[in-house]
Amino acid sequence: DAEGGKEVVELKVIWNKNKYDVKCCLDSTGAELKQKIHSLTGLPPAMQKVMFKGLVPEEKTLREIKVTNGAKIMVVGSTINDVLAVNTPKEAAQQEVKAEENKKEPLCRQKQHRKVLDKGKPDDVMPSVKGVQERLPTVPLSGMYNKSGGKVRLTFKLEQDQLWIGTKERTEKLPMGSIKNVVSEPIEGHEDYHMMAFQLGPTEASYYWVYWVPTQYVDAIKDTVLGKWQYF
């Protein structure tokens, strides 16, 4: 078989349990064969190990390494996507570091929270007392915002072991035991108020955010919702 006067061989290229029929000029180099394999498989030449009676040298021609018609060429290698799909421990560690860095950014600077905080402090929010821890008031905590910027109030129904989260539209009555966690952080520039989230499900997406919680009640809310035993 000849292609423009050049000798051509038919090869069986085997990669990843797939077989490809390839025609190659005998005077092609190993590097040129890699380019052909790339066009067939999407496997970049740099990621290929091409074997024919050992590793095929890039600079040698197929004729020099005595490739014959119908020869089997084995290819070993992973595509970029395969490599990325396998999260190496190093990459996983880097992602954890990145996640930690993201956590270090104060919550109140994160975009989703800025939207609400930029509205400023609500006019009717309850007064705060810095540096003091108080028990929960007997009246609902009111005048705060939720993440959509609507008004929200918290009522602690201790005799029913429930937290009532009330908005203009409705009141959610949550058993204290169903709340998995409570997180809070002071609001920058207004450290006498906190933003607080009640975790209602398994992921962060289930956090119910409340903004402008007076600081003196933060610990009492956590203790009441989570139960003191959570702390020991």
Are [X] and [Y] close enough that some pair of their side-chain heavy atoms sits under 4.5 Å apart?
X: Leu62; Y: Asp27; answer: no
X: Trp164; Y: Glu172; answer: no
X: Leu158; Y: Met176; answer: yes
X: Leu43; Y: His38; answer: no

At what distance, to the nearest 0.5 angstrom, does [atom1] of [X] lie from [atom2] of [Y]?
X: Gln48; Y: Leu55; atom1: CD; atom2: CG; answer: 11.0 Å
X: Glu185; Y: Met196; atom1: CD; atom2: CE; answer: 12.0 Å
X: Tyr145; Y: Lys151; atom1: OH; atom2: NZ; answer: 5.0 Å
X: Met126; Y: Tyr193; atom1: CE; atom2: OH; answer: 9.5 Å

Among residues at least two apart in sequence or on other chains, which ones pass side-chain hydrogen bond (donor to acceptor under 3.5 Å, both in side chains) with [X]?
X: Lys12; answer: Asp21
X: Ser128; answer: Asp192
X: Tyr211; answer: His113

So, using side-chain contact (heavy atoms from CB on, under 4.5 Å) as the criterion, who are the partners of Val13 when residues are at least two apart?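 Tyr20, Val22, Ile37, Ile73, Val75.
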
Residues forming a side-chain contact (heavy atoms from CB on, under 4.5 Å) with Leu200, sequence neighbours excluded: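 Leu200 satisfies side-chain contact (heavy atoms from CB on, under 4.5 Å) with Leu174, Ile179, Phe198, Tyr208 only.
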
List in chain and number order the residues that pass salt bridge (charged side-chain N to carboxylate O under 4.0 Å, His left out) with Glu58, two or more places apart in sequence or in another chain; answer none if no residue qualifies.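 Applying salt bridge (charged side-chain N to carboxylate O under 4.0 Å, His left out) to Glu58 gives Lys34.
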
Mind running side chain to side chain donor-acceptor pair (under 3.5 Å) on Lys60 and Thr29 for me, showing each step along the way? CA-CA 5 Å; Lys60 290 201 171 177; Thr29 62; over 6 Å; no

Ring centroid separation for Trp212 and His194, is it under 6.0 angstrom?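 Aromatic pair excluded; centres sit 6.0 Å or further apart.
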
